[in-house]
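Each chain gets a letter, A, B and so on, in the order the sequences are listed, and its residues count up from 1. Remember, it's a predicted structure, so these values are computed and weren't measured experimentally.
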Amino acid sequence: MDDSFYDQVYEVVRLIPKGRVTSYGAIAKALGAAKSSRMVGHAMAFAGTSKTKVPAHRVVNSSGLLTGKFHFSPPSLMQELLEKEGVRVEKDKVKDFKKVFWDPLIEI
DNA sequence: AAGATGACAGGCG
DNA sequence: CCGCCTGCCATCT
């Protein structure tokens, strides 16, 4: 569980600048596995248990929806962290998603 | 080895 | 605009 697919995801997520968010599909694409978007999400679930600290709260689905907020403790933590970083969140959705969206393909 | 699962994505009604 | 179904792929039991 170290040099696995998840580790690749963590690296990308860790590169996400503060106040920015990205989508699972974008990360999957950056890893060269656009169809493995689900694996990205699964990797995030392990992010909290993984040795490496991963800002999973900066990762949302393609609609900017905080799908995995329930995996946080408390679930509201995800939204709070985002707002604290300057990301507007409304109804579990990222406001101005296009503005705060960070494309790993461009950075990497 | 086979089946079930999942923080998704895209398409359809 | 919202909700449901299917596809995809890696991991786990």
Query raised in the report: Going by number, which of residues 94-108 of chain A have a non-hydrogen atom under 4.0 Å from DNA chain B?
Result: none
Query - Separation of atom CZ in F46(A) from atom C1' in dT11(C), rounded to whole Å - result: 8 Å
Report task. Nearest whole angstrom, please: distance from the P of dA10(C) to the CD of Q8(A). Result -> 12 Å
**Report entry** Least distance between heavy atoms, G64(A) atom then V60(A) atom
**Finding:** CA-CG2, 3.6 Å
Report summary line: Distance col, row L66(A):CG vs L81(A):CG, nearest 0.5 angstrom, shows 11.0 Å
Query raised in the report: How many Å lie between OH on Y10(A) and C1' on dA7(B), as a whole number?
Result: 12 Å
Report task. Would you name the heavy atoms of Y10(A) and A47(A) that are closest together and state the gap between them? Result -> OH-N, 3.7 Å
Query raised in the report: Taking all atoms of both residues into account, what is the closest heavy-atom pair of V12(A) and P104(A), and its distance?
Result: CG1-CB, 3.7 Å
Requested in this report: Grab the NZ-P distance between K69(A) and dC8(B) for me, whole Å please.
Outcome: 14 Å
Query raised in the report: Nearest heavy-atom pair of G19(A) and V87(A): which atoms, and what distance?
Result: O-CG2, 3.4 Å
Query raised in the report: When you measure from the side chain of S37(A) to the backbone N and O of Y24(A), does any donor-acceptor pair fall under 3.5 Å?
Result: no
Contacts under 3.5 Å, N or O only, protein and nucleotides 10-13 of chain B:
none

Query raised in the report: At what distance, to the nearest 0.5 angstrom, does OG of S23(A) lie from CG of D103(A)?
Result: 8.0 Å
Report summary line: Separation between OG1 (T22(A)) and CD1 (I16(A)), nearest 0.5 Å, reads 5.5 Å
Query raised in the report: Any side chain to side chain donor-acceptor pair (under 3.5 Å) pairs touching residues 78-89 of chain A, not counting sequence neighbours?
Result: H57(A)-E85(A), R58(A)-E85(A)
Requested in this report: Ignoring the backbone of M78(A), work out which of dA7(B), dC9(C), dT11(C) is nearest its side chain.
Outcome: dA7(B)
**Report entry** D92(A): side-chain hydrogen bond (donor to acceptor under 3.5 Å, both in side chains) partners, not counting sequence neighbours
**Finding:** K69(A)
Query - Interatomic distance, Y6(A) OH vs dC9(C) P [rounded to whole Å] - result: 15 Å
Requested in this report: Take the protein atom CG of L81(A) and the nucleotide atom P of dA7(B), then report the distance between them rounded to whole Å.
Outcome: 20 Å
Query - S37(A) side-chain N/O to dC8(C) phosphate OP1/OP2 under 4.0 Å - result: no
Report task. Output the single nucleotide from dA9(B), dT11(C), dG7(C) whose closest atom is nearest the side chain of R38(A). Result -> dG7(C)
Report summary line: Side-chain contact check for N61(A): nearest option of dA7(B), dT11(C), dC8(B) is dC8(B)
**Report entry** Whole-Å gap separating C1' (dA9(B)) and CG (L65(A))
**Finding:** 13 Å
Requested in this report: Mind checking A47(A) for me? I need base, sugar-phosphate or nothing, with any heavy atom below 4.0 Å counting as a touch.
Outcome: nothing
Query raised in the report: Given the rule that I, L, V, M, F, W and Y join up when any side-chain heavy atoms are under 4.5 Å apart, are L15(A) and I106(A) in one cluster?
Result: no
Report summary line: To the nearest angstrom, the CG-C1' distance between L31(A) and dA9(B) comes to 16 Å
Report all interatomic pairs (protein N or O, nucleotide N or O of nucleotides 1-6 of chain C) with separations under 3.5 Å.
none

Query raised in the report: What pairs with E107(A) under salt bridge (Lys or Arg N to Asp or Glu O under 4.0 Å), at least two apart in sequence or on another chain?
Result: none
Query raised in the report: Under 4.0 Å between a side-chain N or O of H42(A) and OP1 or OP2 of dA7(B)?
Result: no
Report task. Select one nucleotide: of dA7(B), dC8(B), dA10(C), the one nearest the side-chain heavy atoms of F5(A). Result -> dA10(C)
